[in-house]
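Below, chains carry the letters A, B, ... as their sequence lines are ordered, and counting in each starts from 1.
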Number of protein chains: 2
Amino acid sequence: MPPSSRNEETLHHILDTAMDLFARDGFDSISMSAIAEAAGVSKANIFHHFKSKDELYIQSLRRACDASHSSLEAMANGEGDAWQRIEGFLRAHLHQMFQQSRDSRLILREVVENRPGTAQRLAQDVFRNNFNRLVAIIAECQRSGALRSTLDPVFVSTLLLGTNVFFFQSQEILQHLEGVDFGNDPDRYVRQFMDIFQHGTLPIENSQEEV
Amino acid sequence: MPPSSRNEETLHHILDTAMDLFARDGFDSISMSAIAEAAGVSKANIFHHFKSKDELYIQSLRRACDASHSSLEAMANGEGDAWQRIEGFLRAHLHQMFQQSRDSRLILREVVENRPGTAQRLAQDVFRNNFNRLVAIIAECQRSGALRSTLDPVFVSTLLLGTNVFFFQSQEILQHLEGVDFGNDPDRYVRQFMDIFQHGTLPIENSQEEV
DNA sequence: GTCTATATCGGGATAGAC
DNA sequence: GTCTATCCCGATATAGAC
(Lines give C-alpha, C1' and ligand atoms only; values in the text may rest on other atoms or scores of the structure.)
Protein backbone atom coordinates (compact mmCIF):
# COMPACT_ATOMS: atom_id res chain seq x y z
CA MET A 1 0.00 0.00 0.00
CA PRO A 2 1.47 3.35 -1.02
CA PRO A 3 2.14 5.67 1.91
CA SER A 4 -0.01 8.48 0.57
CA SER A 5 -2.95 6.11 0.43
CA ARG A 6 -2.33 5.05 3.99
CA ASN A 7 -2.37 8.70 4.89
CA GLU A 8 -5.74 9.40 3.34
CA GLU A 9 -7.15 6.33 4.90
CA THR A 10 -6.06 7.29 8.39
CA LEU A 11 -7.40 10.79 8.00
CA HIS A 12 -10.72 9.47 6.85
CA HIS A 13 -10.84 6.99 9.68
CA ILE A 14 -10.18 9.70 12.25
CA LEU A 15 -12.84 11.93 10.78
CA ASP A 16 -15.31 9.10 10.69
CA THR A 17 -14.70 8.22 14.30
CA ALA A 18 -14.97 11.86 15.32
CA MET A 19 -18.33 12.17 13.58
CA ASP A 20 -19.64 9.17 15.49
CA LEU A 21 -18.62 10.56 18.84
CA PHE A 22 -19.56 14.17 18.20
CA ALA A 23 -22.99 13.09 16.99
CA ARG A 24 -23.54 10.90 20.03
CA ASP A 25 -22.21 13.11 22.81
CA GLY A 26 -21.64 16.56 21.43
CA PHE A 27 -18.56 18.67 20.91
CA ASP A 28 -17.71 19.55 24.48
CA SER A 29 -18.34 16.11 25.89
CA ILE A 30 -15.84 14.46 23.61
CA SER A 31 -12.12 14.82 24.21
CA MET A 32 -9.38 14.38 21.68
CA SER A 33 -8.12 11.53 23.82
CA ALA A 34 -11.46 9.79 23.47
CA ILE A 35 -11.40 10.16 19.71
CA ALA A 36 -7.81 8.95 19.56
CA GLU A 37 -8.59 5.91 21.62
CA ALA A 38 -11.73 5.07 19.65
CA ALA A 39 -9.88 5.48 16.37
CA GLY A 40 -6.88 3.51 17.58
CA VAL A 41 -4.38 6.26 16.91
CA SER A 42 -2.45 8.70 19.06
CA LYS A 43 -3.67 12.16 19.93
CA ALA A 44 -0.61 13.64 18.27
CA ASN A 45 -1.56 11.89 15.07
CA ILE A 46 -4.93 13.59 15.08
CA PHE A 47 -3.29 16.94 15.58
CA HIS A 48 -1.04 16.13 12.67
CA HIS A 49 -4.07 15.83 10.40
CA PHE A 50 -6.28 18.50 11.96
CA LYS A 51 -4.75 21.61 13.37
CA SER A 52 -7.22 21.89 16.23
CA LYS A 53 -10.24 20.24 17.78
CA ASP A 54 -12.37 22.99 16.32
CA GLU A 55 -11.19 22.25 12.83
CA LEU A 56 -11.89 18.57 13.30
CA TYR A 57 -15.41 19.45 14.36
CA ILE A 58 -15.97 21.86 11.49
CA GLN A 59 -14.89 19.22 9.03
CA SER A 60 -17.15 16.68 10.70
CA LEU A 61 -20.04 19.05 10.28
CA ARG A 62 -19.13 19.80 6.71
CA ARG A 63 -19.07 16.14 5.83
CA ALA A 64 -22.42 15.61 7.48
CA CYS A 65 -23.82 18.50 5.46
CA ASP A 66 -22.50 17.11 2.21
CA ALA A 67 -24.02 13.74 2.96
CA SER A 68 -27.39 15.28 3.69
CA HIS A 69 -27.51 16.98 0.31
CA SER A 70 -29.34 14.03 -0.92
CA SER A 71 -32.17 13.73 -3.16
CA LEU A 72 -35.64 14.82 -2.93
CA GLU A 73 -35.01 14.31 -6.60
CA ALA A 74 -36.81 11.05 -6.16
CA MET A 75 -39.86 13.13 -5.46
CA ALA A 76 -39.34 15.59 -8.25
CA ASN A 77 -39.11 12.83 -10.81
CA GLY A 78 -41.37 10.49 -8.92
CA GLU A 79 -44.33 8.71 -10.31
CA GLY A 80 -47.93 8.98 -9.35
CA ASP A 81 -50.05 11.98 -8.50
CA ALA A 82 -49.04 14.87 -6.28
CA TRP A 83 -50.09 13.08 -3.10
CA GLN A 84 -48.17 9.97 -3.86
CA ARG A 85 -45.10 12.00 -4.64
CA ILE A 86 -45.38 14.04 -1.47
CA GLU A 87 -45.93 10.95 0.64
CA GLY A 88 -43.01 9.33 -1.11
CA PHE A 89 -40.87 12.30 -0.27
CA LEU A 90 -41.81 12.24 3.41
CA ARG A 91 -41.07 8.55 3.63
CA ALA A 92 -37.78 8.87 1.80
CA HIS A 93 -36.71 11.88 3.81
CA LEU A 94 -37.54 10.27 7.13
CA HIS A 95 -35.91 7.06 6.09
CA GLN A 96 -32.81 8.94 5.09
CA MET A 97 -32.62 10.78 8.39
CA PHE A 98 -32.68 7.52 10.30
CA GLN A 99 -30.28 5.81 7.98
CA GLN A 100 -27.82 8.66 8.21
CA SER A 101 -28.79 9.31 11.77
CA ARG A 102 -25.26 10.18 12.71
CA ASP A 103 -25.07 13.00 10.23
CA SER A 104 -28.61 14.11 11.00
CA ARG A 105 -27.89 14.28 14.68
CA LEU A 106 -24.74 16.24 14.11
CA ILE A 107 -26.68 18.87 12.21
CA LEU A 108 -29.64 18.77 14.57
CA ARG A 109 -27.31 19.43 17.48
CA GLU A 110 -25.92 22.41 15.71
CA VAL A 111 -29.43 23.75 15.14
CA VAL A 112 -30.44 23.44 18.76
CA GLU A 113 -27.05 24.63 19.95
CA ASN A 114 -27.83 27.87 18.20
CA ARG A 115 -24.36 29.36 18.33
CA PRO A 116 -24.19 32.88 16.94
CA GLY A 117 -23.64 32.94 13.21
CA THR A 118 -24.35 29.28 12.79
CA ALA A 119 -27.99 29.68 11.84
CA GLN A 120 -27.23 31.68 8.75
CA ARG A 121 -24.45 29.36 7.65
CA LEU A 122 -26.61 26.28 8.12
CA ALA A 123 -29.50 27.91 6.31
CA GLN A 124 -27.39 28.79 3.30
CA ASP A 125 -25.03 25.85 3.14
CA VAL A 126 -27.25 22.97 4.19
CA PHE A 127 -30.94 23.69 3.91
CA ARG A 128 -31.32 26.36 1.31
CA ASN A 129 -31.07 24.33 -1.86
CA ASN A 130 -33.24 21.47 -0.77
CA PHE A 131 -35.73 23.79 0.83
CA ASN A 132 -36.12 25.94 -2.26
CA ARG A 133 -36.40 22.85 -4.37
CA LEU A 134 -39.21 21.55 -2.18
CA VAL A 135 -40.97 24.90 -2.31
CA ALA A 136 -40.79 24.83 -6.09
CA ILE A 137 -42.26 21.36 -6.21
CA ILE A 138 -45.12 22.31 -3.93
CA ALA A 139 -45.80 25.38 -6.02
CA GLU A 140 -45.90 23.18 -9.06
CA CYS A 141 -48.41 20.92 -7.36
CA GLN A 142 -50.50 24.02 -6.79
CA ARG A 143 -50.33 25.11 -10.38
CA SER A 144 -51.39 21.66 -11.47
CA GLY A 145 -54.46 22.07 -9.29
CA ALA A 146 -53.64 19.32 -6.83
CA LEU A 147 -53.09 21.66 -3.90
CA ARG A 148 -55.16 24.68 -3.01
CA SER A 149 -53.55 27.69 -4.61
CA THR A 150 -54.25 29.98 -1.68
CA LEU A 151 -51.72 28.18 0.47
CA ASP A 152 -48.22 29.52 0.95
CA PRO A 153 -45.89 26.91 -0.56
CA VAL A 154 -43.14 28.05 1.78
CA PHE A 155 -45.28 27.29 4.78
CA VAL A 156 -46.36 23.96 3.35
CA SER A 157 -42.73 22.98 2.85
CA THR A 158 -41.90 23.99 6.40
CA LEU A 159 -44.78 21.92 7.68
CA LEU A 160 -43.60 18.86 5.77
CA LEU A 161 -40.02 19.14 6.96
CA GLY A 162 -40.99 20.02 10.50
CA THR A 163 -43.26 17.05 10.79
CA ASN A 164 -40.42 14.76 9.80
CA VAL A 165 -37.73 16.40 11.89
CA PHE A 166 -39.90 16.39 14.99
CA PHE A 167 -40.55 12.69 14.64
CA PHE A 168 -36.87 11.98 14.15
CA GLN A 169 -35.76 13.91 17.18
CA SER A 170 -38.59 12.91 19.50
CA GLN A 171 -38.92 9.28 18.62
CA GLU A 172 -37.36 8.08 21.86
CA ILE A 173 -39.72 10.14 23.93
CA LEU A 174 -42.79 9.37 21.87
CA GLN A 175 -42.24 5.70 22.51
CA HIS A 176 -42.57 6.33 26.21
CA LEU A 177 -45.89 8.11 25.92
CA GLU A 178 -49.14 6.20 26.20
CA GLY A 179 -51.16 5.31 23.17
CA VAL A 180 -48.45 6.12 20.66
CA ASP A 181 -48.69 3.38 18.07
CA PHE A 182 -46.39 5.07 15.55
CA GLY A 183 -43.46 5.42 17.97
CA ASN A 184 -41.21 3.10 16.02
CA ASP A 185 -43.12 3.06 12.78
CA PRO A 186 -42.20 6.00 10.56
CA ASP A 187 -44.43 4.82 7.74
CA ARG A 188 -47.45 4.76 9.98
CA TYR A 189 -46.58 8.25 11.15
CA VAL A 190 -46.34 9.53 7.59
CA ARG A 191 -49.57 7.84 6.60
CA GLN A 192 -51.50 9.47 9.41
CA PHE A 193 -49.99 12.81 8.57
CA MET A 194 -50.93 12.46 4.94
CA ASP A 195 -54.50 11.69 5.89
CA ILE A 196 -54.79 15.11 7.48
CA PHE A 197 -52.49 16.94 5.10
CA GLN A 198 -54.22 15.76 1.97
CA HIS A 199 -57.69 16.71 3.13
CA GLY A 200 -56.34 19.96 4.47
CA THR A 201 -54.71 21.08 1.26
CA LEU A 202 -57.20 19.91 -1.31
CA PRO A 203 -58.87 22.61 -3.32
CA ILE A 204 -62.21 23.38 -1.76
CA GLU A 205 -64.61 22.36 -4.42
CA ASN A 206 -67.82 22.16 -2.49
CA SER A 207 -67.04 24.63 0.28
CA GLN A 208 -67.60 22.59 3.40
CA GLU A 209 -69.13 24.37 6.34
CA GLU A 210 -67.82 24.10 9.86
CA VAL A 211 -69.91 22.19 12.32
CA MET B 1 -32.60 40.33 56.96
CA PRO B 2 -32.55 36.98 58.73
CA PRO B 3 -29.64 34.77 57.71
CA SER B 4 -31.79 31.87 56.60
CA SER B 5 -33.63 34.15 54.22
CA ARG B 6 -30.35 35.39 52.84
CA ASN B 7 -29.38 31.78 52.38
CA GLU B 8 -32.44 30.85 50.39
CA GLU B 9 -32.05 33.93 48.30
CA THR B 10 -28.46 33.18 47.38
CA LEU B 11 -29.26 29.61 46.53
CA HIS B 12 -32.10 30.69 44.30
CA HIS B 13 -29.94 33.30 42.67
CA ILE B 14 -27.22 30.77 41.88
CA LEU B 15 -29.74 28.33 40.45
CA ASP B 16 -31.34 31.04 38.37
CA THR B 17 -28.00 32.12 36.95
CA ALA B 18 -27.05 28.53 36.22
CA MET B 19 -30.29 27.97 34.31
CA ASP B 20 -29.56 30.98 32.14
CA LEU B 21 -26.11 29.80 31.24
CA PHE B 22 -26.91 26.12 30.84
CA ALA B 23 -29.81 26.97 28.57
CA ARG B 24 -27.69 29.27 26.45
CA ASP B 25 -24.49 27.27 26.12
CA GLY B 26 -25.14 23.78 27.41
CA PHE B 27 -23.80 21.80 30.30
CA ASP B 28 -20.28 21.13 29.14
CA SER B 29 -19.63 24.61 27.80
CA ILE B 30 -20.33 26.27 31.10
CA SER B 31 -17.84 26.12 33.95
CA MET B 32 -18.57 26.59 37.60
CA SER B 33 -16.28 29.61 37.49
CA ALA B 34 -18.44 31.15 34.82
CA ILE B 35 -21.56 30.61 36.88
CA ALA B 36 -19.86 31.97 39.98
CA GLU B 37 -18.74 35.09 38.17
CA ALA B 38 -22.13 35.68 36.55
CA ALA B 39 -23.89 35.19 39.87
CA GLY B 40 -21.40 37.36 41.74
CA VAL B 41 -20.43 34.71 44.25
CA SER B 42 -17.43 32.49 44.76
CA LYS B 43 -17.09 29.03 43.30
CA ALA B 44 -16.77 27.60 46.79
CA ASN B 45 -20.08 29.13 47.69
CA ILE B 46 -21.79 27.28 44.87
CA PHE B 47 -20.26 24.02 46.02
CA HIS B 48 -21.58 24.80 49.45
CA HIS B 49 -25.13 24.86 48.11
CA PHE B 50 -24.81 22.15 45.45
CA LYS B 51 -22.60 19.23 46.06
CA SER B 52 -21.50 18.95 42.44
CA LYS B 53 -21.90 20.50 39.03
CA ASP B 54 -24.09 17.59 38.06
CA GLU B 55 -26.46 18.21 40.90
CA LEU B 56 -26.68 21.87 39.99
CA TYR B 57 -27.61 20.86 36.48
CA ILE B 58 -30.17 18.31 37.59
CA GLN B 59 -31.84 20.88 39.77
CA SER B 60 -31.81 23.38 36.92
CA LEU B 61 -33.55 20.87 34.75
CA ARG B 62 -36.05 20.01 37.44
CA ARG B 63 -36.99 23.65 37.90
CA ALA B 64 -37.40 24.08 34.16
CA CYS B 65 -39.69 21.07 34.09
CA ASP B 66 -41.80 22.41 36.93
CA ALA B 67 -42.15 25.75 35.19
CA SER B 68 -43.21 24.11 31.96
CA HIS B 69 -46.11 22.34 33.66
CA SER B 70 -48.23 25.23 32.71
CA SER B 71 -51.64 25.36 31.46
CA LEU B 72 -53.22 24.12 28.44
CA GLU B 73 -56.04 24.60 30.89
CA ALA B 74 -56.77 27.79 29.05
CA MET B 75 -57.68 25.60 26.16
CA ALA B 76 -59.68 23.10 28.14
CA ASN B 77 -61.88 25.80 29.58
CA GLY B 78 -61.57 28.09 26.60
CA GLU B 79 -64.38 29.71 24.78
CA GLY B 80 -65.48 29.31 21.23
CA ASP B 81 -65.75 26.23 19.07
CA ALA B 82 -63.21 23.44 18.82
CA TRP B 83 -61.14 25.24 16.20
CA GLN B 84 -60.89 28.41 18.18
CA ARG B 85 -59.85 26.49 21.23
CA ILE B 86 -57.23 24.52 19.37
CA GLU B 87 -55.86 27.61 17.73
CA GLY B 88 -55.89 29.32 21.09
CA PHE B 89 -53.91 26.45 22.52
CA LEU B 90 -51.29 26.57 19.78
CA ARG B 91 -50.86 30.28 20.21
CA ALA B 92 -50.67 30.06 23.99
CA HIS B 93 -48.27 27.15 23.89
CA LEU B 94 -45.96 28.80 21.40
CA HIS B 95 -46.13 32.05 23.26
CA GLN B 96 -45.26 30.28 26.45
CA MET B 97 -42.28 28.53 24.90
CA PHE B 98 -40.84 31.82 23.78
CA GLN B 99 -41.62 33.58 27.02
CA GLN B 100 -40.00 30.82 29.04
CA SER B 101 -37.47 30.22 26.34
CA ARG B 102 -34.76 29.56 28.87
CA ASP B 103 -36.66 26.67 30.39
CA SER B 104 -37.80 25.44 27.00
CA ARG B 105 -34.29 25.41 25.66
CA LEU B 106 -33.01 23.58 28.68
CA ILE B 107 -35.50 20.81 28.11
CA LEU B 108 -35.08 20.82 24.36
CA ARG B 109 -31.35 20.38 24.81
CA GLU B 110 -31.97 17.42 27.00
CA VAL B 111 -34.25 15.89 24.38
CA VAL B 112 -31.71 16.22 21.61
CA GLU B 113 -28.89 15.18 23.91
CA ASN B 114 -30.66 11.86 24.20
CA ARG B 115 -28.64 10.49 27.09
CA PRO B 116 -29.61 6.96 28.05
CA GLY B 117 -32.49 6.88 30.49
CA THR B 118 -33.36 10.50 29.99
CA ALA B 119 -36.08 9.92 27.42
CA GLN B 120 -38.21 7.89 29.76
CA ARG B 121 -37.77 10.30 32.64
CA LEU B 122 -38.63 13.30 30.50
CA ALA B 123 -41.62 11.53 29.04
CA GLN B 124 -43.03 10.66 32.44
CA ASP B 125 -42.03 13.68 34.46
CA VAL B 126 -42.44 16.48 31.95
CA PHE B 127 -44.60 15.61 29.01
CA ARG B 128 -46.90 12.87 30.12
CA ASN B 129 -49.54 14.84 31.96
CA ASN B 130 -49.88 17.62 29.46
CA PHE B 131 -49.76 15.24 26.57
CA ASN B 132 -52.48 13.01 27.94
CA ARG B 133 -54.56 16.03 28.73
CA LEU B 134 -54.23 17.25 25.16
CA VAL B 135 -55.14 13.83 23.83
CA ALA B 136 -58.25 13.83 25.98
CA ILE B 137 -59.26 17.23 24.71
CA ILE B 138 -58.81 16.22 21.11
CA ALA B 139 -60.82 13.07 21.72
CA GLU B 140 -63.54 15.21 23.20
CA CYS B 141 -63.53 17.39 20.10
CA GLN B 142 -64.02 14.24 18.09
CA ARG B 143 -66.93 13.07 20.19
CA SER B 144 -68.56 16.43 19.76
CA GLY B 145 -68.31 15.94 16.02
CA ALA B 146 -65.91 18.77 15.32
CA LEU B 147 -63.04 16.53 14.30
CA ARG B 148 -63.25 13.47 12.16
CA SER B 149 -63.64 10.49 14.45
CA THR B 150 -61.44 8.23 12.36
CA LEU B 151 -58.33 10.18 13.31
CA ASP B 152 -56.02 8.99 16.06
CA PRO B 153 -56.18 11.66 18.77
CA VAL B 154 -52.69 10.70 19.89
CA PHE B 155 -51.32 11.42 16.47
CA VAL B 156 -53.24 14.67 16.23
CA SER B 157 -51.77 15.80 19.55
CA THR B 158 -48.29 14.89 18.40
CA LEU B 159 -48.82 16.86 15.23
CA LEU B 160 -49.93 19.93 17.17
CA LEU B 161 -47.03 19.84 19.58
CA GLY B 162 -44.49 19.00 16.91
CA THR B 163 -45.59 21.89 14.76
CA ASN B 164 -45.02 24.26 17.62
CA VAL B 165 -41.77 22.79 18.84
CA PHE B 166 -40.30 22.78 15.37
CA PHE B 167 -41.09 26.43 14.91
CA PHE B 168 -39.59 27.29 18.27
CA GLN B 169 -36.34 25.49 17.66
CA SER B 170 -35.91 26.42 14.01
CA GLN B 171 -36.99 30.01 14.11
CA GLU B 172 -33.47 31.35 13.67
CA ILE B 173 -32.88 29.22 10.62
CA LEU B 174 -36.28 29.83 9.09
CA GLN B 175 -35.60 33.53 9.15
CA HIS B 176 -32.61 32.97 6.92
CA LEU B 177 -34.55 31.06 4.28
CA GLU B 178 -36.10 32.83 1.35
CA GLY B 179 -39.77 33.58 1.23
CA VAL B 180 -40.43 32.82 4.87
CA ASP B 181 -42.85 35.49 5.99
CA PHE B 182 -43.74 33.83 9.31
CA GLY B 183 -40.13 33.66 10.52
CA ASN B 184 -40.69 36.03 13.40
CA ASP B 185 -44.43 35.91 13.50
CA PRO B 186 -45.71 32.96 15.53
CA ASP B 187 -49.32 33.98 15.10
CA ARG B 188 -49.02 33.95 11.36
CA TYR B 189 -47.42 30.53 11.55
CA VAL B 190 -50.25 29.19 13.67
CA ARG B 191 -52.86 30.71 11.42
CA GLN B 192 -51.43 29.07 8.32
CA PHE B 193 -51.21 25.79 10.12
CA MET B 194 -54.79 26.01 11.25
CA ASP B 195 -55.88 26.65 7.70
CA ILE B 196 -54.57 23.27 6.67
CA PHE B 197 -55.30 21.49 9.93
CA GLN B 198 -58.91 22.51 10.07
CA HIS B 199 -59.71 21.45 6.55
CA GLY B 200 -57.71 18.30 7.07
CA THR B 201 -59.53 17.16 10.18
CA LEU B 202 -63.08 18.13 9.39
CA PRO B 203 -65.55 15.33 9.10
CA ILE B 204 -65.98 14.44 5.47
CA GLU B 205 -69.57 15.25 4.85
CA ASN B 206 -69.66 15.30 1.12
CA SER B 207 -66.81 12.93 0.41
CA GLN B 208 -64.53 15.03 -1.75
CA GLU B 209 -62.77 13.22 -4.53
CA GLU B 210 -59.10 13.58 -5.27
CA VAL B 211 -58.20 15.44 -8.42
C1' DG C 1 -22.71 31.16 54.69
C1' DT C 2 -19.08 33.10 52.39
C1' DC C 3 -14.62 33.84 51.16
C1' DT C 4 -9.27 32.92 49.50
C1' DA C 5 -6.13 29.57 48.55
C1' DT C 6 -5.03 25.18 46.97
C1' DA C 7 -5.12 20.26 45.50
C1' DT C 8 -5.83 17.28 41.73
C1' DC C 9 -7.05 15.90 37.53
C1' DG C 10 -7.92 15.94 32.52
C1' DG C 11 -8.21 18.98 28.68
C1' DG C 12 -5.92 20.75 24.15
C1' DA C 13 -1.81 21.24 21.98
C1' DT C 14 3.48 20.68 21.03
C1' DA C 15 8.40 18.63 20.80
C1' DG C 16 11.11 15.54 18.97
C1' DA C 17 12.47 10.66 18.09
C1' DC C 18 11.65 7.16 14.61
C1' DG D 1 3.03 9.82 9.18
C1' DT D 2 3.10 8.04 13.57
C1' DC D 3 4.45 7.56 18.03
C1' DT D 4 5.84 8.71 23.39
C1' DA D 5 6.52 12.14 26.50
C1' DT D 6 5.53 16.54 27.98
C1' DC D 7 3.80 21.43 28.61
C1' DC D 8 0.38 24.41 30.23
C1' DC D 9 -3.89 25.70 31.47
C1' DG D 10 -8.49 25.59 33.17
C1' DA D 11 -11.69 22.43 35.06
C1' DT D 12 -14.07 20.41 39.39
C1' DA D 13 -13.78 20.05 43.94
C1' DT D 14 -11.85 20.72 48.83
C1' DA D 15 -9.52 23.01 53.06
C1' DG D 16 -9.77 26.09 56.28
C1' DA D 17 -10.08 30.98 57.84
C1' DC D 18 -13.66 34.42 58.97
Side-chain angles (χ1 to χ4, degrees), chain A residues 1-63 106 109-110 113 115-118, chain B residues 1-63 106 109-110 113 115 118:
Chain A
M1 179 190 306
S4 72
S5 155
R6 176 104 176 80
N7 181 5
E8 284 288 312
E9 196 177 288
T10 303
L11 186 146
H12 181 276
H13 178 59
I14 291 172
L15 190 53
D16 201 56
T17 307
M19 290 174 74
D20 283 341
L21 299 185
F22 283 146
R24 201 192 54 189
D25 296 337
F27 179 79
D28 294 295
S29 301
I30 290 301
S31 69
M32 293 299 258
S33 317
I35 298 172
E37 190 179 4
V41 299
S42 69
K43 257 198 299 184
N45 196 354
I46 301 185
F47 279 102
H48 172 75
H49 289 287
F50 304 90
K51 76 168 190 287
S52 69
K53 187 188 178 186
D54 275 284
E55 195 203 302
L56 176 56
Y57 179 70
I58 296 290
Q59 295 221 22
S60 298
L61 198 60
R62 185 192 310 276
R63 267 187 72 86
L106 216 42
R109 266 183 190 283
E110 202 59 17
E113 204 68 31
R115 300 182 230 236
T118 304
Chain B
M1 181 190 304
S4 72
S5 155
R6 176 103 177 81
N7 181 5
E8 282 289 311
E9 197 176 288
T10 303
L11 186 145
H12 181 275
H13 177 60
I14 292 172
L15 190 54
D16 201 56
T17 307
M19 289 174 75
D20 283 341
L21 299 186
F22 283 147
R24 202 192 53 192
D25 296 335
F27 179 79
D28 294 294
S29 300
I30 290 300
S31 70
M32 292 300 257
S33 317
I35 298 172
E37 189 178 8
V41 299
S42 69
K43 258 194 302 183
N45 196 354
I46 301 186
F47 280 101
H48 172 74
H49 289 287
F50 304 90
K51 77 167 191 288
S52 70
K53 187 187 178 186
D54 275 285
E55 195 204 303
L56 176 55
Y57 178 71
I58 296 291
Q59 296 222 20
S60 297
L61 197 60
R62 186 192 309 276
R63 267 187 71 86
L106 216 42
R109 268 182 188 284
E110 201 59 18
E113 204 66 32
R115 301 181 229 237
T118 304

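Separating the NZ atom of Lys51(A) from the C1' atom of dA15(C) is a distance of 20 Å, rounded to the nearest angstrom. Rounded to whole Å, the distance from CD1 on Ile46(B) to P on dT12(D) is 10 Å. Per the geometry, CG belonging to Leu56(A) stands 10 Å off P belonging to dG12(C), to the nearest Å. Here the P atom of nucleotide dT4(C) and the CZ atom of Phe47(B) are 16 Å apart, to the nearest Å. When rounded to the nearest whole Å, the span between CG of Leu11(A) and P of dG1(D) equals 9 Å. Here the P atom of nucleotide dA15(D) and the CG atom of Asn45(B) are 17 Å apart, to the nearest Å. As a whole-Å value, the separation of Phe50(B) CZ from dT2(C) P is 11 Å. As rounded to whole Å, 8 Å separates atom C1' of dT2(D) from atom NE2 of His49(A).
For Ser42(B), whose side chain is taken as the heavy atoms from C-beta onward, the closest listed nucleotide among dT4(C), dA13(D), dA13(C) is dT4(C).
Under a 4.0 Å N-O distance rule, the pair Arg109(A)/Glu113(B) qualifies as a salt bridge.
Put simply, CE on Met19(B) and CD on Gln59(B) are 10.5 Å apart, with the number rounded to the nearest 0.5 Å. Expressed to the nearest 0.5 Å, how far CG of Asp28(B) lies from CD1 of Ile30(A) amounts to 9.0 Å. Summarising the geometry, atom CD belonging to Glu37(A) is positioned 8.5 Å from atom OG belonging to Ser31(A); distances are rounded to the nearest 0.5 Å.
Contacts between residues 13-37 of chain B and DNA chain C, defined by a heavy-atom separation below 4.0 Å, involve no residue at all.
Looking at Val41(B) and Thr17(B), their side chains never come closer than 4.5 Å, going by heavy atoms from C-beta outward. Between Tyr57(B) and Glu110(B) the shortest side-chain heavy-atom distance falls below 4.5 Å.
The residue among Lys53(A) and His48(B) whose nearest nucleotide of DNA chain C is located toward the 5' end is His48(B).
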